[in-house]
Novice: 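The structure is given below, and queries will be raised subsequently.
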Amino acid sequence: MKSQKELVEAEKSVTRDIRFDILKTLGIFSIILAHIIPQNIFFNIRNFDVPLMVIVSGSLLYCSSYKKNYSLLTYLHRRIPRLIAPVWLFLSFYFISISVVSYLLGKDYPFLLKKHIINSFLLLDGIGYVWVIRVFILMAIISTIIMNLYKSCRSKNHFFAVLLFIYICYEILVQIATKINLENIPLLSSLINNYVFYTISYGCLFGLGIALPTMKRKSILVVAGVFLTVFLLVAGYLSYTQGVIPSTQNFKYPPRIYYLSYGIFMSMLTFSVVDILCKKYNLNNQENPIVKAIVFISTSTLWIYLWHILFLYLKQSLVQIKPDIATNYIIFFLLITILSVTATYIQKTSISRLIQNTKFGRANSEMLAILFLK
């Protein structure tokens with residue numbers, strides 16, 4: 001088995017595609033922003049972050065695994081613990097810390113066992129932020145299936161046709177489920193609404209991401225144009241039937257065509273802009289300090305996301321004490337982002353030193369890496 005140092009060096013030796021690091025960085029910042037600003041025009045403009053992150057995940061799987069033949073079980077064995085273990089560790093720290101602080105301040109504990117704590121560990125509604133982790137776990141579960149589907153198709157157009165057929169079936173299923181009113185069967189309703197619908201819809205985006213790295217710019221712009229047209233047509237229809245153009249946020253849980261078409265259009269547009277900028281300014285230079293910062297953020301998105309949950313709670317507690325500061329959205333965004341990145345940097349640096357410099361760290365390097373270095 002390779003030592004942690006050898007694994008790190010091996011990872012550095014692989015040529016990175018900085019475009020996807022930039023996209024992941026934009027995605028995580030956009031998600032943090034969504035949790036701070038109200039649902040105004042800026043909120044709606046940036047409401048493509050989760051589709052972008054799913055598409056990028058598909059692209060990164062292609063870049064790292066296309067020429068490899070992972071079995072589903074092997075891939076899940078490698079991937080799932082790296083997603084679940086840090087989240088459960090953080091949630092334990094989060095709930096215990098707030099319990100201690102609430103006790104010291106003589107306040108009631110703000111979380112209920114089933115509604116908040118258990119549902120958070122199950123990656124359901126819970127505290128309201130962990131559902132995104134569920135999406136990426138679902139994508140990990142079906143990733144090798146989608147990759148094998150991509151490999152088995154005669155061409156990209158054939159692959160896209162299959163994804164389109166799957167998505168049309170998904171929209172039909174959503175309509176049927178709505179008419180049946182599954183709420184009367186809670187377990188089945190939860191299974192379908194929280195798992196089946198998210199797996200199918202985001203799985204189609206994940207498939208688009210697998211195809212993205214080898215798509216020509218013209219093809220990417222065609223995809224962007226097609227989904228912009230779909231988005232505008234749906235927006236026009238909704239405006240005509242409802243008397244107002246609704247927010248895409250209203251069609252996010254589970255994701256529907258209005259939300260996803262906008263997400264795909266903006267993701268393709270953002271990728272095209274980033275691609276042009278990378279070539280113009282030679283952003284693949286790994287020694288550039290800005291590039292290094294982007295790579296760090298890109299490879300640390302899980303823990304940055306987790307830390308931002310804690311800082312959001314602190315922000316909400318502060319606003320309750322001083323309501324007049326609630327509208328300082330930009331300051332809170334910058335503060336929470338900087339704190340989350342800084343906390344992650346301190347954590348990863350400390351754990352890396354522990355692994356390199358102590359007997360305990362070397363003996364438990366794999367476990368520590370899974371828990372703290374994602």
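Residue indices begin at 1 and follow the sequence shown. Here the structure is a predicted model, which means the values were calculated and not measured.
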Novice: With a 3.5 Å distance limit and no angle check, can you tell me whether Tyr305 reaches the backbone of Ile133 through a side-chain donor-acceptor pair?
Specialist: no
Novice: If you round to the nearest 0.5 Å, how far is OH of Tyr198 from CG of Leu138?
Specialist: 10.0 Å
Novice: Centre of Phe43's six-membered ring, under 6.0 Å away, within 45 degrees of the axis: is that where NZ or CZ of Arg46 sits?
Specialist: yes
Novice: Can you hop from Leu371 to Ile96 via hydrophobic side chains spaced under 4.5 Å?
Specialist: no
Novice: Phe93 vs Trp307 aromatic rings, parallel, tilted or perpendicular, using cut-offs 30° and 60°?
Specialist: perpendicular
Novice: How long is the straight-line distance from CZ of Phe333 back to CD1 of Ile338, given to the nearest 0.5 Å?
Specialist: 9.0 Å
Novice: For the hydrophobic clusters of this structure (ILVMFWY residues joined by side-chain heavy atoms under 4.5 Å, transitively), does one cluster hold both Ile355 and Met367?
Specialist: yes
Novice: Do the two ring centres, one from Tyr103 and one from Tyr109, sit under 6.0 Å apart?
Specialist: no
Novice: Answer yes if Tyr329 and Ile28 sit in the same cluster of Ile, Leu, Val, Met, Phe, Trp and Tyr residues linked by side chain heavy atoms under 4.5 Å apart, and no otherwise.
Specialist: yes
Novice: I'd like to know if Ile290 and Phe29 are part of one continuous hydrophobic network [Ile/Leu/Val/Met/Phe/Trp/Tyr, side-chain heavy atoms within less than 4.5 Å].
Specialist: yes
Novice: Please report the interatomic distance CZ(Phe332) to CD1(Ile37), rounded to the nearest 0.5 Å.
Specialist: 14.5 Å
Novice: What's the spacing between Ile210 CD1 and Lys156 NZ if we round to 0.5 Å?
Specialist: 11.5 Å
Novice: Run Phe20 and Leu212 through side chain to side chain contact (heavy atoms under 4.5 Å, CB included) and show every step you take.
Specialist: CA-CA 11 Å; Phe20 297 115; Leu212 181 60; 4.2 Å; yes
Novice: For Phe95, is there any backbone N or O sitting under 3.5 Å from a side-chain donor or acceptor partner on Ser99?
Specialist: no
Novice: Applying a strict under-4.5 Å side-chain criterion to I, L, V, M, F, W and Y, I'd like to know whether Val274 and Ile264 cluster together.
Specialist: yes
Novice: Would you check if Leu373 and Leu368 make a side-chain contact, meaning some heavy-atom pair closer than 4.5 Å?
Specialist: no
Novice: Starting at CE of Met268, measure out to CG of Leu52 and round the result to the nearest 0.5 Å.
Specialist: 8.0 Å
